[in-house]
Amino acid sequence: MKATFLAILYLVLVSCTAKQQSKVETQHAYEYALIIHGGAGNFDAASFGEEGQLAYKAALDSALQIGEKVLQRSGTSVDAVIAVISYLEDNPLFNAGKGAVFTHEGTNELDASIMRGKDLNAGAVAGVRRIKNPIIAARMVMEDSPHVMMAGDGAEAFLVEEGMTLVDPGYFYTDKSYERLQKALKEEKLGTVGCVALDKAGNLAAGTSTGGMTNKRYGRIGDSPVIGAGTYANNNTCGVSCTGHGEFFIRYAVAHDISALMEYKNLTVEAAAREVVMNKLVEAGGEGGVVCLDHYGKPAMVFNTTGMFRAYINSEGDRLIGMFKEE
Ligand code: ASP
């Protein structure tokens, strides 16, 4: 009797495991994948000239190529995120690094963060004024300090100790690019940048960098350097980078909420991102969007504005670059 019971139990367990395995096997994993955003906002084709659209698409295309090269050579997802975001920070089209927006007081205060999905280590800098590439600074906080977030003068002092050279705050002012972009975007300058990468070792990393919101008050910090709000990565679920009205993304812990919906409710990355961006944030009045990769390299690009600069590539040659809703 006992033996029969044990035999039945064994058969049930074996069939459950086989079912679970077949569920896992039907999920197609890419060898590597990369997803990028360059900010979300209420813009359409008419907001940009033909030339403006081409410039943004060319920049996203170059960013994809830069990141893909790193991943093809078996570089880490952290290296890919750093390479992509530093490139976008150096490009004045975007509201990060060189092209950072101006505060109400006419200064530039930059925020950035990075997170590793393998061990949940993370680093961030907030309100820095003399760092050319805040994403590199965020990595230094992650790798070379016992802290997760460092702000303002203290962050800059730490980075100098670590060997980083500061730039003059004037570096972030370019009359020409500033005026050109103001004209192009009519209302507010957008263009926060973010990137999520999955490397060949199966590790996710996510990063975000921004000048914040135009006309922000001195000392205002947005969601971009806040782990769990603007950036999150966990190999068990997904990597997320956000863009939009930061105060809402902080209050709704958007990036972590997407990961949590996958972890606790078994939602797909697309369903989780939709739930947060199209339901929760819309109800709250929070505008913006997210780019995510799940741990198989499957993307989600969800935004509740009319546009979001975005791009995706994977190891099988799927490729997408878009700006508007219908792309
Ligand atoms: N989320 C950024 C902030 O609030 C701005 C943006 O993504 O456009 O600082």
Side-chain angles (χ1 to χ4, degrees), residues 35-43 47 56 60 85 88-89 91-105 107-115 124-129 131 134-135 138 149 151-152 172 178 181-182 184-196 206-232 240-258 273 276-277 280-281 284-292 301-310 323:
I35 196 162
I36 299 170
H37 74 71
N42 287 315
F43 56 78
S47 314
Y56 277 106
L60 290 169
I85 294 187
L88 295 169
E89 286 175 338
N91 187 330
L93 278 178
F94 298 96
N95 170 21
K98 178 76 179 160
V101 294
F102 288 83
T103 64
H104 186 71
E105 290 77 13
T107 56
N108 306 96
E109 297 182 5
L110 294 82
D111 302 333
S113 65
I114 187 159
M115 184 165 187
V125 290
V128 290
R129 300 170 66 172
I131 305 294
I135 196 68
M149 187 192 282
F172 301 106
Y178 183 73
L181 208 58
Q182 292 310 303
L185 300 178
K186 284 188 196 149
E187 297 167 356
E188 181 177 284
K189 183 169 175 178
L190 36 85
T192 291
V193 302
C195 175
V196 184
T208 311
S209 180
T210 189
M213 290 179 79
T214 301
N215 206 26
K216 67 182 180 182
R217 297 311 299 241
Y218 178 77
R220 178 265 186 188
I221 305 290
D223 61 312
S224 309
V226 179
I227 297 301
T231 302
Y232 200 72
V240 184
S241 173
C242 303
T243 176
H245 196 153
E247 279 69 13
F248 288 89
F249 283 70
I250 295 175
R251 289 166 53 214
Y252 287 82
V254 167
H256 182 262
D257 206 24
I258 293 171
V276 178
V277 175
K280 281 194 182 180
L281 277 183
E287 288 192 327
V290 300
V291 293
C292 322
M301 318 180 181
V302 182
F303 49 101
N304 60 32
T305 46
T306 58
M308 180 168 80
F309 301 104
R310 58 200 188 277
M323 292 170 62

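Here the structure is a predicted model, which is why all the values come from computation and not from measurement. Both counts, for ligands and for their atoms, begin at 1 and track the order of listing.
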Handout entry: Donor on one side chain, acceptor on other, Ser113 and Thr208, under 3.5 Å
Key =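 The answer is no; no qualifying pair exists.
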Problem - Heavy-atom proximity to atom 5 (C) of ligand 1, best of Gly246, Gly244, Gly222 - result: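 It is Gly244 whose heavy atom sits nearest to atom 5 (C) of ligand 1.
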With a 3.5 Å cut-off and sequence neighbours excluded, list the donor-acceptor pairs that the side chains of residues 244-256 form with protein atoms.
{"from": "Glu247", "atom 1": "OE1", "to": "Arg220", "atom 2": "NH2", "distance (Å)": "2.8"}
{"from": "Glu247", "atom 1": "OE2", "to": "Arg220", "atom 2": "NE", "distance (Å)": "2.8"}
{"from": "Glu247", "atom 1": "OE2", "to": "Arg220", "atom 2": "NH2", "distance (Å)": "3.3"}

Taking both backbone and side-chain atoms of [X], is any N or O found less than 3.5 Å from an N or O belonging to ligand 1?
{"X": "Thr243", "value": "yes"}
{"X": "Thr192", "value": "yes"}
{"X": "Glu247", "value": "no"}

Practice task
Mark yes or no for whether Asp111, through its side chain, and Ile221, through its backbone, hold a donor-acceptor pair below 3.5 Å.
Solution key: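 Looks like no, no N/O pair under 3.5 Å.
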Problem - Ring-ring centroid check Phe43 Phe309, cutoff 6.0 Å - result: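 Yes, the ring of Phe43 comes within the 6.0 Å limit of the ring of Phe309, centre to centre.
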Exercise for the section: Classify the contact between Arg220 and ligand 1 as side chain, backbone, both or neither, using a heavy-atom distance cut-off of under 4.0 Å. Expected result: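 Under 4.0 Å from ligand 1, Arg220 contributes side-chain atoms alone.
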Practice task
Report the part of Ser224 in contact with ligand 1, treating N, CA, C, O as backbone and CB onward as side chain, heavy atoms under 4.0 Å; options are side chain, backbone, both, neither.
Solution key: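 Looking at Ser224 and ligand 1, just side chain atoms fall under 4.0 Å.
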Handout entry: Numbered atoms and elements of ligand 1 in range of Asp223, under 4.0 angstrom, heavy atoms
Key =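 Listed by number with element, the hits are 1 (N), 2 (C), 3 (C), 4 (O).
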Problem - side-chain contact (heavy atoms from CB on, under 4.5 Å) partners for Asp257, two or more places apart - result: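 Partners of Asp257 by the side-chain contact (heavy atoms from CB on, under 4.5 Å) criterion, ordered by chain and then number, come out as Val276, Lys280.
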Practice task
Provide the closest heavy-atom pair for Leu110 versus Phe172 in the form atom of the first, atom of the second, distance.
Solution key: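 Closest heavy-atom pair between Leu110 and Phe172: CD2-CE2, 3.8 Å.
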